[in-house]
**Q** 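Okay, handing you the structure first.
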Amino acid sequence: MTVKILRPDAKGRISVGIARPGVIGYQRIDEPDGRITLIPMAAIPERELWLYQDKVALASVQRGIAQSKAGKLAKWKSFASGSEEE
């Protein structure tokens, strides 16, 4: 963990410094005890938003990723040559 003291400028603004690649902004959470939590946010293309809104589809994709990481892969014939029918 990195601890850094940030000081406000003349207008009371605080700069958090350089963001990581892909970070477009921060979600600010004001805690009841006075702490402020900043959560890095990233954007996704609108055409991919449906996946995050469909809990069943997202769970299926996450399950597939977990199976792939665990080495549980299915072998399929190549479809590159066209129809396999004879």
Side-chain angles (χ1 to χ4, degrees):
M1 176 186 338
T2 301
V3 177
K4 192 174 184 182
I5 296 177
L6 305 173
R7 305 212 185 276
D9 64 11
K11 293 185 178 182
R13 299 172 299 192
I14 294 176
S15 173
V16 295
I18 298 172
R20 294 188 311 249
V23 173
I24 63 160
Y26 292 86
Q27 178 183 23
R28 175 183 160 169
I29 300 173
D30 296 318
E31 305 287 353
D33 64 2
R35 290 180 299 152
I36 298 171
T37 302
L38 298 176
I39 300 173
M41 304 297 290
I44 60 168
E46 185 177 9
R47 68 178 184 272
E48 297 174 13
L49 182 60
W50 71 270
L51 179 61
Y52 296 93
Q53 293 172 334
D54 184 335
K55 292 180 182 182
V56 174
L58 182 58
S60 178
V61 169
Q62 290 171 333
R63 205 169 34 256
I65 291 170
Q67 290 171 346
S68 177
K69 284 181 180 178
K72 298 178 182 176
L73 303 173
K75 299 209 180 224
W76 294 85
K77 292 182 181 179
S78 172
F79 295 103
S81 62
S83 177
E84 296 288 326
E85 295 180 23
E86 293 183 27

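Since this is a predicted model, take the numbers as computed values, not measurements.
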**Q** Do Arg28 and Asp30 come close enough that some side-chain heavy atom pair is under 4.5 Å?
**A** yes

**Q** Looking at Val23 and Pro40, what are the two nearest heavy atoms and their distance?
**A** CG2-CB, 4.0 Å

**Q** Under the rule for side-chain contact (heavy atoms from CB on, under 4.5 Å), what residues qualify as partners of Lys11, not counting sequence neighbours?
**A** Asp9, Arg13

**Q** Surrounding CD of Glu31 (heavy atoms of other residues, nucleotides or ligands, distance under 6.0 Å), is the total greater than 12?
**A** yes

**Q** Would you indicate whether the side-chain heavy atoms of Leu6 and Ser15 approach each other to under 4.5 Å?
**A** no

**Q** Can Val61 be reached from Tyr52 by stepping across I, L, V, M, F, W or Y side chains whose heavy atoms are under 4.5 Å apart?
**A** yes

**Q** Give a yes or no on whether Met41 and Leu38 share a hydrophobic cluster (residues Ile, Leu, Val, Met, Phe, Trp, Tyr; joining criterion: side-chain heavy atoms under 4.5 Å apart).
**A** no

**Q** Please check if Ile44 and Leu58 belong to a single hydrophobic cluster, counting links between Ile, Leu, Val, Met, Phe, Trp and Tyr side chain heavy atoms closer than 4.5 Å.
**A** yes

**Q** Looking only at non-hydrogen atoms, find the nearest pair between Ala57 and Trp50 and report the distance.
**A** CB-CZ3, 3.8 Å

**Q** A side-chain contact here means heavy atoms from C-beta on lying under 4.5 Å apart; do Thr37 and Ile39 qualify?
**A** yes

**Q** Please answer: with hydrophobic residues joined when any side-chain heavy atoms are less than 4.5 Å apart, are Ile36 and Ile29 in the same cluster?
**A** no

